[in-house]
Amino acid sequence: MSRTYDPKALEAKWQKRWEEAGLYAADLSDGSDKYYTHVMFPYPSGDKLHIGHWYNYGPSDSFARFMRMQGKKVFSPMGFDAFGLPAENYAVKTGVHPDTSTRKNVETMITQLKRIGCMYDWSKMVNTSTPEYYRFTQWLFLQMHKHGLAYKKAGNVNWCPSCQTVLANEQAQDGTCERCGTPVIHKPLEQWYWNITRYSQQLLDGLDALDWPEKTKIMQRNWIGRSEGCDVVWSVTGCDMSLETFTTTVDTIYGVTFVVIAPDHPLLPTLVTPEQRDAVHAYIAQSSTKSEFDRQFGDKDKTGVCTGAFLKHPFTGMSIPLWVADYVLMTYGTGVVMGVPAHDQRDMDFAKKYGLDIVQSIQNPEGESIVYDNIDKYAVLGTIIDSGAFSGIAILDGRKKIIDQLERAGMGRRKIQYRLRDWCVSRQRYWGAPIPIVYDPKGNPHPVPEEHLPWTLPTDVEFNPTGESPLKHSNEFKERTEKLFGKGWTPEYDTMDTFVCSSFYYLMYLQTQGASMKAESCQLSASQKKNNQPLTLVHPEVEKQWMPVDMYIGGAEHACMHLIYARFVMMALKDFGYVSHSEPFKKLVHQGVITNKGAKMSKSKGNVVSPDALVDRHGSDVFRMYLMFMGPFTEGGDWSDTGIKGIDRFALRLFKLFEIIQDQPSQKTKNTSTKIDQSKGSSQTALHRAIKKITEDIPAFRFNTAISALMELLNVLEREQEIDRSTLQTVAKLLAPLAPHLADELWEMCGGEGFVVDQRWPSFDPALLTSDTMTIAVQVNGKLRGSIEVPSDSSKDDIIATASKQENVAKFIAGTSIAKQIYVPGKLVSFVVG
RNA sequence: GCCAUGGUGGCGGAAUGGUAUACGCGCGCGACUCAAAAUCGCGUUCCCGUAAGGGAUUGAGGGUUCAAGUCCCUCCCAUGGCACCA
């Protein structure tokens, strides 16, 4: 009886069996030996899964399977980050309601995801756009509000004229909209903010204990941007007012020759002198037309105007001119900066341009002026000069003494400044979770009581890009608010940033109270609605046992947004008393990016490659293995399908190897392959070497070398005359994480019981890693001159003796004196001759 | 500019300071076939040589070492991130 390897039929068969057996459902009531792993959940676009999805999910699943075979109770859920702009844009274009298109996309995507054959526990699926989910997004807002972490403020925001929406700074980093590329403009708006900056230090400290890529931690540290320094108070000449500057280098304070204030600083209009009023107002008007992007990145050439006001130097009492310049930002520090041209390149440029004084106040050991571009080096070595009582003191020491003096005189204080800004969670969009706030007739905000959650997203809206929130046109929304709260009350029309939805979904996967998150059950049942019990985000015991996520896999592009927001939310929830851990993700791995001809694949560039044809032809197993075989998981690479044939052959050869045992009940199996090599029976060594290699490679996400180890093993086994059944079973187990469908088939073919993923991962015997003989390389003066084959138990002296007699080696030693001989056990002999 | 990561055959890539180029693709030759595909066998870093063997080689140049792709220094290039942060 001969079977053929038909991946399509074989994979469908096993996917069905897995589903029928409920093989991947995790029992969350018991967290012993748990392993919680998941990938960053996808946005359910209407497109088919692309190469990037497969590249991310296939290997991640292989890792999860490996952990299960290590005896861990693996929980690997999947969900959908389903709120967001694309569905809304699609609605504007086609009139299809975002809920309809999203639900359809989710269904399609589930079907496609299932084809990969991942061990997802679909019973725990989440969809952020369902009321079952977003009532918790709203609950989170209420908690933030209750604990004083949510507040409203007017602020200048980045506005995308095309998307008609506000963008966070990080969504408009190069001055264009992250989603559509339109240049971002500047616009003031009332927004809800979450006070993430209160957690700056904790977010920084928590990084140390995380098993994350070092570069990601560095990025977060830079993003949070802690700097130590002090505020200095400057009294304004001729009035009662004073200004404060923040500086990290107060040691240069005697070098201050001017001070610069931001054009949007609230005190500026009252400080400016009558003579300078017109010039300053013109400057303010001019810079207010610039977006924050232009102010920060637009022209390197600094502009500014003299305000006519003077400040009193806190030490020398000298009059220091106050200038206004838009390179100083209101959003960082105090919005006022001291200018030290002698020791700062930017200040130097400014001083030269406007003819301001340049005064040196620190120097390096050679007596040269220090420009603070290498602060650590100079701060250690330099000295303060021409600075009154502080002259001659080392910089670091002087810095301390100057702050002490300022604090004693009430002219300043130590301060730690962070670059991190509060999180604007408001979005003027329809397709998001409504912010659960209502306004009384006087316009004061009030939280929507928890019993009214979910505070549902109205459905009677029009999808025309009008520039204001589409929710403003919902009659149902207004009527609902007035009915519940009274005449003249109005709802908050903004919805929440989708980063809010994704900041706690790892907890929603752990929901055990039977809240079905299935796409088809978007409407809450009446009984659920009537139930006025407080919402439980996650059962405390389940959270305690299953958090944190042991392995989180996703793109590096989320290093400074999602991955900081999620950490902040977890920390806040811990402080509120709802969870016991403060960090959500214990270990993090970033998959690499698959490019096409060097460019990142994107729909807008039209260079997205669909894997469908390849999967149809070769099957999921082969395609997954091919993606893994391309190179290290964390490095990605440029797409090419030229090598898939090699994996195809590999799968077929494996299948053939197992096929020969079909009709043979005996333990030993005759290999009928043409490749039989009579010379040696080294299969056990090869097997145990492969076990060792694969066991080390998979948890390190080195799937490429794990697969090549398996190929090498296959090359050996194909040359064996007889293969015993247990060897084949071990091979099936080794293959199980990498090609799950084929592995189950092979497992069945060689008489295995149950599913292969439920088997214990094989262990290797160190004694079997070496064979009877070993090959030793022989070098003379560092050059390879030959190699010798010796028994594995040979002594050092014997090996060196044999090496020196090797024909070619002897040639190079002859007539010389041996100055040194080095033996590296099991590897090489090196002769150094004179 | 700063930080991070990387640069190895025709290609993807492998290599605890110890035989560089594993594994695979591609290519060449051969077997099977009427033929092709598929499959199998052999070969394949480059140069010289029939071969044995020799020489060169991990972006460039120095250094440490018996021994460097790997460690150190100076550059060059690529990718990612940050960037008027006071």
The side chain of A:Arg785 is closest to which nucleotide in this list: B:rG81, B:rU39, B:rG54? B:rG54
Is the shortest side-chain heavy-atom distance between A:Ser787 and A:Ile776 below 4.5 Å? no
Gap between atoms CG and P, on A:Leu627 and B:rG12 respectively (whole Å): 17 Å
Minimal non-hydrogen separation, A:Asp347 against A:Asp344, with atom names: N-OD1, 3.0 Å
Partner of B:rA35 by Watson-Crick or G-U wobble geometry, both contacts under 3.5 Å, or none? none
Out of B:rC40, B:rC42, B:rA14, which nucleotide sits closest to the side chain of A:Pro632? B:rA14
When rounded to whole Å, the CH2 to C1' distance for the pair A:Trp212 and B:rU5 reads 19 Å
Which one, B:rU39, B:rG81, B:rA86, comes nearest to the side chain of A:Arg346? B:rA86
A:Thr245 near the nucleic acid: base, sugar-phosphate alone, or nothing, with a heavy-atom cut-off under 4.0 Å? nothing
Starting at the 5' end of RNA chain B and moving along, which residue's nearest nucleotide shows up first, A:Leu784 or A:Asn704? A:Asn704
Can you see if the side chain of A:Lys215 gets near the phosphate of B:rU5 - specifically, an N or O under 4.0 Å from OP1 or OP2? no
A:Asp344 CG to B:rG1 P, straight-line distance once rounded to whole Å: 18 Å
May I ask you to say what A:Glu712 touches in the nucleic acid, namely base, sugar-phosphate or nothing, with a heavy-atom cut-off under 4.0 Å? sugar-phosphate
Which part of the nucleic acid does A:Val832 contact within heavy-atom distance under 4.0 Å: base, sugar-phosphate only, or nothing? sugar-phosphate
State the pairing partner of B:rU79; accept Watson-Crick or G-U wobble contacts with both distances under 3.5 Å, and report none otherwise. B:rA4
Salt-bridge present (A:Glu807, A:Lys811; N to O < 4.0 Å): no
Distance check needed: B:rC66 P versus A:Ile813 CD1, whole Å only. 18 Å
Closest to the A:Val328 side chain, choosing from B:rG41, B:rG55, B:rA86: B:rA86
Please report, rounded to the nearest Å, how far the P atom of B:rA14 is from the CE atom of A:Met711. 14 Å
Expressed in whole Å, how much space separates the C1' atoms belonging to B:rA4 and B:rU57? 29 Å
Do A:Tyr332 and A:Gln417 meet the criterion of a side-chain donor-acceptor pair at a distance under 3.5 Å? no
B:rA86, B:rU16, B:rA4: which one has an atom nearest the side-chain heavy atoms of A:Thr247? B:rA86
Rounded C1' spacing from B:rG53 to B:rG63 in Å: 32 Å
Check this for me, if you would: do A:Glu244 and A:Arg413 make a salt bridge, where the nitrogen-to-carboxylate-oxygen distance has to be below 4.0 angstrom? yes
Can you tell me the distance, in whole Å, between the CD1 atom of A:Ile822 and the P atom of B:rA68? 12 Å
Please classify the nucleic acid contact of A:Asp638 as base, sugar-phosphate, or nothing, using heavy-atom distances under 4.0 Å. nothing
Between B:rG55 and B:rG59, how far apart are the two C1' atoms, rounded to whole Å? 22 Å
I want to verify the glycosidic state of B:rG9; is it syn or anti under the 90° rule? syn
Side-chain atoms of A:Arg719 come closest, of B:rG53, B:rG41, B:rA86, to B:rG41
Flag the pair A:Phe629 / A:Phe650 as yes when their ring centroid distance falls below 6.0 Å, and as no otherwise. no
B:rG6 versus B:rC73 - spacing of their P atoms, nearest Å: 15 Å
Using the C1' atom on both, measure B:rU74 against B:rU21 and round to a whole Å. 28 Å
Is there a Watson-Crick or G-U wobble partner for B:rA60 with both distances under 3.5 Å, and which nucleotide is it? B:rU74
Across every strand shown, the nucleotide meeting Watson-Crick or G-U wobble geometry with B:rG9 (both distances under 3.5 Å) is none
A:Phe499 and A:Trp423: aromatic ring centres closer than 6.0 Å? no
Strand partner of B:rG28, provided both Watson-Crick or wobble distances fall under 3.5 Å: B:rC42
Closest nucleotide among B:rC23, B:rG81, B:rG26 to the A:Ser708 side chain: B:rC23
Given A:Tyr55, which of A:Phe633, A:Trp639, A:Phe703, A:Phe623 fulfils the ring pair (Phe, Tyr, Trp, His ring centres under 6.0 Å) condition? A:Phe633
Go through B:rG18, B:rU39, B:rA14 for me and flag the one nearest to the A:Arg649 side chain. B:rU39
Would you indicate what A:Ser787 reaches in the nucleic acid, counting non-hydrogen atoms under 4.0 angstrom: base, sugar-phosphate, or nothing? nothing
On the nucleotide B:rA4, are OP1 or OP2 found under 4.0 Å from the side-chain N or O atoms that A:Asn222 carries? no
Paired with B:rA14 by Watson-Crick or G-U wobble geometry, both distances under 3.5 Å: which nucleotide is it? none
Residue-phosphate contact under 4.0 Å: A:Lys692 side-chain N/O, B:rU16 OP1/OP2: no
Could you tell me how far apart A:Asp648 (CG) and B:rA37 (C1') are, to the nearest whole angstrom? 14 Å
Roughly how many Å apart are B:rU44 and B:rG10, using the C1' atom of each and rounding to a whole number? 11 Å
Let's test this: given Watson-Crick or G-U wobble pairing with both distances under 3.5 Å, identify the partner of B:rA67. none
With rounding to whole Å, what would you report as the distance between B:rG17 and B:rC71 at their C1' atoms? 8 Å
From the set B:rA86, B:rA22, B:rG12, return the single nucleotide nearest to any side-chain atom of A:Phe629. B:rG12
In Watson-Crick or G-U wobble terms, both distances under 3.5 Å, what is the partner of B:rG49? none
Write down the distance between NZ (A:Lys645) and C1' (B:rA38), rounded to a whole number of angstrom. 9 Å
Residue whose closest nucleotide on RNA chain B lies nearer the 5' end, A:Phe812 versus A:Asp697: A:Asp697
Picking from B:rC85, B:rC25, B:rU19, which would you name as closest to the side chain of A:Gln779? B:rU19
Are A:Glu659 and A:Arg653 close enough for a salt bridge, meaning some N to O gap below 4.0 Å? no
Using atom P of each nucleotide, how far apart are B:rC3 and B:rU64 to the nearest Å? 27 Å
